[in-house]
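Nothing here was measured: the structure is a model prediction, and the numbers come from that model.
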Amino acid sequence: MVLLLLFLVILYFLGNVSQLLSSKGNSESEIGYIVIHKGTAYFIQGKDVQQLDIESFSSDNFMYSNQFESVSILNNDFKPSMKDIKSGDKVRIWYSEILESNPAKIKVIRIEKL
């Protein structure tokens with residue numbers, strides 16, 4: 001019984017390591033800014049995004065504004081991994097899937113502060 005449990009734990013860790021390694025080379029990545037507004041982490045992209053745009057971001061009216069090229073929501077499961085990232089930080093994200101919703105929801109694999 002102990003050997004079976006040990007085997008399952010090892011298999012779990014190998015799966016996580018494998019996913020992490022594959023995420024570095026095979027997944028899609030994007031660069032943008034993080035905005036945390038009302039407890040939700042947004043990923044915004046745009047050529048001329050300024051700090052003032054980030055500070056004045058509102059989840060109520062961003063869809064009617066042309067100041068950002070895209071605005072997406074980062075999946076809720078990823079929030080614990082964002083402990084060193086704050087609103088306004090420029091980041092690169094690696095993702096496995098973008099869900100078609102409005103705004104789009106991104107299933108993030110990895111995030112790196114730039």
Side-chain angles (χ1 to χ4, degrees):
M1 184 66 154
V2 174
L3 289 176
L4 178 63
L5 184 59
L6 182 61
F7 175 74
L8 291 174
V9 168
I10 290 171
L11 193 60
Y12 172 78
F13 284 114
L14 287 176
N16 284 343
V17 169
S18 173
Q19 182 181 7
L20 180 62
L21 293 176
S22 68
S23 72
K24 290 184 179 178
N26 297 330
S27 64
E28 304 265 347
S29 72
E30 297 285 337
I31 295 177
Y33 297 88
I34 296 295
V35 176
I36 300 172
H37 182 70
K38 295 183 180 177
T40 302
Y42 292 89
F43 180 71
I44 61 172
Q45 293 178 289
K47 293 178 185 171
D48 299 320
V49 176
Q50 303 294 321
Q51 189 64 33
L52 182 60
D53 299 329
I54 293 169
E55 291 170 2
S56 64
F57 178 87
S58 170
S59 60
D60 300 329
N61 65 4
F62 73 84
M63 292 175 34
Y64 307 108
S65 171
N66 293 328
Q67 70 191 109
F68 306 119
E69 290 176 21
S70 71
V71 176
S72 306
I73 295 175
L74 300 184
N75 63 327
N76 290 336
D77 300 336
F78 202 70
K79 285 183 182 176
S81 301
M82 293 181 49
K83 61 182 176 193
D84 296 331
I85 295 174
K86 61 185 185 313
S87 194
D89 285 345
K90 187 172 186 178
V91 297
R92 176 185 301 269
I93 61 167
W94 286 263
Y95 59 92
S96 62
E97 185 178 11
I98 297 178
L99 302 175
E100 294 182 26
S101 59
N102 195 7
K105 293 184 178 135
I106 301 176
K107 290 188 176 184
V108 177
I109 298 170
R110 184 173 156 230
I111 190 166
E112 175 182 274
K113 187 174 174 179
L114 299 177

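- Residues Ile44 and Leu99 do not share a hydrophobic cluster, defined by chaining ILVMFWY side chains whose heavy atoms lie under 4.5 Å apart.
- Here Glu100 pairs with nothing under the side chain to side chain contact (heavy atoms under 4.5 Å, CB included) rule; sequence neighbours left out.
- In terms of the side chain to side chain contact (heavy atoms under 4.5 Å, CB included) criterion, residue partners of Ile10 (sequence neighbours excluded) are, by chain and number, Leu6, Leu14.
- Here the CZ atom belonging to Phe43 is positioned 6.0 Å from the CD1 atom belonging to Ile106, to the nearest 0.5 angstrom.
- Take Glu112 and apply the salt bridge (Lys or Arg N to Asp or Glu O under 4.0 Å) test, not counting sequence neighbours, and it matches Arg110.
- Looking only at side-chain heavy atoms (C-beta outward), Ile109 and Tyr95 stay at 4.5 Å or farther from each other.
- Annotation: the span from Ser70 atom OG to Glu30 atom CD amounts to 7.5 Å, rounded to 0.5 Å.
- With values rounded to the nearest 0.5 angstrom, Ser29 atom OG is found 12.0 Å from Ile111 atom CD1.
- A search for side-chain hydrogen bond (donor to acceptor under 3.5 Å, both in side chains) contacts involving Ser87 returns nothing, not counting sequence neighbours.
- Of the inter-residue distances, the one linking Ile85 atom CD1 with Ile36 atom CD1 reads 8.5 Å to the nearest 0.5 angstrom.
- Rounding to the nearest 0.5 angstrom, the gap separating the CD atom in Gln50 from the OH atom in Tyr33 is 8.0 Å.
- Among pairs with a residue in residues 85-96, those fulfilling salt bridge (Lys or Arg N to Asp or Glu O under 4.0 Å) read Lys86-Asp89, Asp89-Lys113, at least two apart in sequence or across chains.
- Hydrophobic cluster membership for Leu114: Ile31 (Ile, Leu, Val, Met, Phe, Trp, Tyr linked by side-chain heavy atoms under 4.5 Å, directly or transitively).
- Residues that satisfy the salt bridge (Lys or Arg N to Asp or Glu O under 4.0 Å) test with Lys107, not counting sequence neighbours, are Glu97.
- The nearest pair of heavy atoms linking Pro103 to Ser72 is CB-CA, 4.5 Å.
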